[in-house]
Amino acid sequence: MAKNLITREEDYSKWYNDLVVKSGLAENSSVRGCMVIKPYGYAIWEKMQAQLDKMFKETGHQNAYFPLFVPKSLFEAEEKNAEGFAKECAIVTHYRLETDPDNPKKLRVDPKAKLEEELIIRPTSEAIIWNTYKNWIQSYRDLPILINQWANVVRWEMRPRLFLRTTEFLWQEGHTAHQTEDEAMQEALMINSIYAEFAEKHMSMPVIQGIKSENERFAGAEETFCIEALMQDGKALQAGTSHFLGQNFAKAFDVKFTNKEGKLNYVWATSWGVSSRLMGALIMTHSDDKGLVLPPKLAPIQVVIVPIYNGEQELDSISKIAEDIQSKLIKLGVSVKYDNRDTLRPGAKFAQHELQGVPIRIAIGPKDLENNSAEISRRDLLTKEIIDMGDLVEHIDKLLSDIQENLFKKALKFREDHITQVESFDEFEEVLNKKGGFISAHWDGTNETENKIKEKTQATIRCIPNNSSSSKGKCVYSGKPSNQRVIFAKAY
RNA sequence: CGGGAUGUGGCGUAGUCCGGUUAGCGCACACGGCUGGGGGCCGUGGGGUCACAGGUUCAAAUCCUGUCAUCCCGACCA
């Protein structure tokens, strides 16, 4: 397991924090619970966005944008929504500042500028969006509505952590409206599969697809589907959710349509989202003691070329070769940086690129000029090999997909090694405390049992996995009959 | 919101208990040189209202009071 990245022996959260900051992804902002996403981190986020956006569009969705502010009355309209997020909202109460009469150097809120109705800064956009859809939907001809929004939201969480839980975060939220229950359900399921595919194919992060228990379900949803990933410290991370909302929101916001038979019906709805938390998931899934490890498909720089030279003449001859390789790789769609900075020595560059997780490094020096070769180093295994210049481009191309695949396999093995089937509560507690990870156990299906287990162990039901074959058994806690194993874990 | 801790150049810190030279060190930074196949070396230099406000004192980074901020642990969550 990756630890002690920056020479100090600290706990995992310190390690994680240091890694995020030192690799240049992000840093804490002076604003409470917020972070600054630095260019390198944002570049990764943009790659995630681009891929997800493509997948949404391929399945018929469009992007739109809705207001940041939600009038309080609208927020109230969906009672369960208020239940879910009311505790953690930022609220705009005034619209003007003025010079403080007691201290001319300071500003104060102008008490005369109090808003008639407070504006909630969206913790999620259901309220504002459904209030808008109401006006868009009259007939079955207006359906389905398949809209996604890329936005920021604010939740006043008690304990923020870089990427995993920041006060303000970036996400996409899809909100769809359908004629039939079945269509909405299919939508929610399909999106969850898109999330899973994205996580596994692009992030190289294995996930378990499943359904949330009632306790963990989104307030206002009839069913919540999720993808759950396992981090290297043995804790689970919910990486994405997709909700079948039934007609709850349609009823709350009075969204009806006339069907083909001329009858008035409430629409069926879904909502779904993934957030900048995925960045945290990516970091915690693959990183090691030397820093980030990025899957090639999301790495802003896939290949870096480092020249090793003594004197300008040598640099010139290396540069010629390096630039030739660079342009050939770019033609193949590979992003390549030629790191010819004269301000750092090669060793320092190596360390820096490793910290930043660049998947492949090519080093070219005097020896290579002589032998017509280059030294290739892969970030995931930290191995080096000498490759003949003629085979280089082809080799790199193949190596990138190898690395992508290897990262997935490695993470998958880690996860498989950390799914433990338990048969008794003693075993449950022992595995949880000594080994961590996912625990597969029988559960009687009641909230009560789930809550008791959470109280005693901090572990929650992460999901009821889709593809677990139903096997009869006895609940690990209550001993009552159970039809299926579910996945428990401590979660972020 | 409860419990614990911490605020000293950009970062990490010593000094605080027991007040007393010019607030020390490492990294980073700048300049010069030697260097260059894994975080190089030597020399020189710049950078600090010691979180903020008030108080005690001949004297405060150090003691007292208050405020603010951050971090960790819990409950909450994408």
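Numbered from 1 within each chain, the chains take letters A, B, ... in sequence-line order. As the structure is a computational prediction, the values presented were derived from the model and not from experiment.
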Exercise. Measure from CG on A:Leu315 to C1' on B:G37 and round the result to the nearest Å.
Key: 15 Å
Practice problem: Scan side-chain atoms only and decide if A:Gln302 and A:Lys337 contain a donor-acceptor pair under the 3.5 Å cut-off. | Solution: no
Could you run down the sub-3.5 Å N/O contacts of the protein with nucleotides 75-78 of chain B?
| from | atom 1 | to | atom 2 | distance (Å) |
| --- | --- | --- | --- | --- |
| B:A75 | OP1 | A:Gln458 | NE2 | 3.4 |
| B:C76 | OP1 | A:Lys454 | NZ | 3.0 |
| B:C76 | OP2 | A:Lys454 | NZ | 3.2 |
| B:C76 | O2 | A:Glu157 | OE1 | 2.9 |
| B:C77 | O2' | A:Glu157 | OE2 | 3.0 |
| B:C77 | O2 | A:Arg165 | NE | 3.0 |
| B:C77 | O2 | A:Arg277 | NH2 | 3.4 |
| B:C77 | N3 | A:Arg165 | NE | 3.4 |
| B:C77 | N3 | A:Tyr492 | O | 3.4 |
| B:C77 | N4 | A:Tyr492 | O | 3.0 |
| B:A78 | O3' | A:Gln238 | NE2 | 2.7 |
| B:A78 | O3' | A:Arg277 | NH1 | 3.3 |
| B:A78 | N6 | A:Thr166 | O | 3.1 |
| B:A78 | N3 | A:Ser275 | OG | 2.9 |

Exercise. In sequence, state the C-alpha distance, the side-chain angles, and the governing distance for A:Glu450 and A:Glu216, and then conclude on side-chain contact (heavy atoms from CB on, under 4.5 Å).
Key: CA-CA 10 Å; A:Glu450 188 181 355; A:Glu216 299 280 320; 3.7 Å; yes
Practice problem: Considering only atom C1', compute the distance from B:A30 to B:U13 and round it to an integer number of Å. | Solution: 23 Å
Sub-3.5 Å pairs of nitrogen or oxygen atoms, protein against nucleotides 32-36 of chain B:
| from | atom 1 | to | atom 2 | distance (Å) |
| --- | --- | --- | --- | --- |
| B:G36 | OP2 | A:Asn310 | ND2 | 3.1 |
| B:G36 | O2' | A:Tyr309 | O | 3.3 |
| B:G36 | N7 | A:Asn310 | OD1 | 3.1 |

Exercise. Find the distance A:Glu27:CD to B:G10:C1' and express it as a whole number of Å.
Key: 11 Å
Quiz item: Can you tell me how far P in B:G66 sits from the matching atom in B:G26, rounded to whole Å?
Solution: 39 Å
Quiz item: Are A:His202 and A:Ser204 linked by a side-chain donor-acceptor pair shorter than 3.5 Å?
Solution: no
Self-check item: side-chain hydrogen bond (donor to acceptor under 3.5 Å, both in side chains) against A:Arg341, all qualifying residues, sequence neighbours excluded
Solution: A:Asp339, A:Gln352
Quiz item: Atom NZ of A:Lys349 and atom C1' of B:G39: how far apart are they, to the nearest Å?
Solution: 13 Å
Exercise. Could you tell me whether A:Arg361 contacts a base, only the sugar-phosphate backbone, or nothing, with contacts defined as non-hydrogen atoms closer than 4.0 Å?
Key: base
Exercise. Under the side chain to side chain contact (heavy atoms under 4.5 Å, CB included) rule, collect the residues that match up with A:Leu382, sequence neighbours excluded.
Key: A:Asp288, A:Lys290, A:Glu354, A:Arg379
Practice problem: Return the value, rounded to whole Å, for the distance between atom CG of A:Asn17 and atom P of B:U70. | Solution: 14 Å
Practice problem: If B:G20 has a Watson-Crick or G-U wobble mate with both distances under 3.5 Å, name it; if not, just say none. | Solution: B:C58
Self-check item: Pairing partner (Watson-Crick or G-U wobble, both distances under 3.5 angstrom) of B:G40
Solution: B:C34
Quiz item: With both distances kept under 3.5 Å, what pairs with B:G45, Watson-Crick or G-U wobble?
Solution: B:C29
Exercise. Report yes or no: do A:Ser125 and A:Glu173 form a side-chain donor-acceptor pair below 3.5 Å?
Key: yes
Quiz item: For the residue pair A:Phe56 and A:Trp272, does the interplanar ring angle fall in the parallel (under 30°), tilted (30 to 60°) or perpendicular (over 60°) class?
Solution: tilted
Quiz prompt | Nearest-Å distance once atom P is located in both B:U49 and B:G43 | solution = 29 Å
Exercise. Could you give the distance separating B:C58 and B:C73 at their C1' atoms, to the nearest angstrom?
Key: 46 Å
Self-check item: Touch class at under 4.0 angstrom, heavy-atom based, for A:Asp368 against every strand present
Solution: base
Quiz item: Does a donor on one side chain and an acceptor on the other come within less than 3.5 Å for A:Asn340 and A:Tyr309?
Solution: no
Quiz item: Say you pick atom C1' in B:G15 and the same atom in B:G7; how far apart are they, in whole Å?
Solution: 15 Å
Quiz item: Expressed in angstrom and rounded to an integer, what is the separation of A:Ile376 atom CD1 from B:G38 atom C1'?
Solution: 16 Å
Quiz item: What integer distance in Å separates A:Lys490:NZ from B:C73:P?
Solution: 12 Å
Quiz item: Who are the side chain to side chain contact (heavy atoms under 4.5 Å, CB included) partners of A:Lys57, not counting sequence neighbours?
Solution: A:Asp53, A:Asn63
Quiz item: C1' atom, B:G46 versus B:U6: distance in rounded Å?
Solution: 29 Å
Quiz item: Taking NZ from A:Lys22 and P from B:G39, how many angstroms apart are they, rounded to a whole number?
Solution: 18 Å
Quiz item: If the P atom of B:G39 is compared with that of B:G3, how far apart are they to the nearest Å?
Solution: 50 Å
Quiz item: Taking the C1' atom of each, how far is B:A23 from B:G47, in whole Å?
Solution: 14 Å
Practice problem: Once you apply the 3.5 Å cut-off to both distances, tell me the Watson-Crick or G-U wobble partner of B:C76, or none. | Solution: none
Self-check item: Over 12 non-hydrogen atoms of neighbours within 6.0 angstrom of NZ in A:Lys54
Solution: no
Quiz item: Given atom CD of A:Gln352 and atom P of B:A28, what is their separation to the nearest angstrom?
Solution: 12 Å
Quiz item: Looking at residues at least two apart in the chain, or sitting in another chain, which of them share a side chain to side chain contact (heavy atoms under 4.5 Å, CB included) with A:Ser317?
Solution: A:Leu369
Quiz prompt | Watson-Crick or G-U counterpart of B:U70, or none if no pair lies under 3.5 Å | solution = B:A5
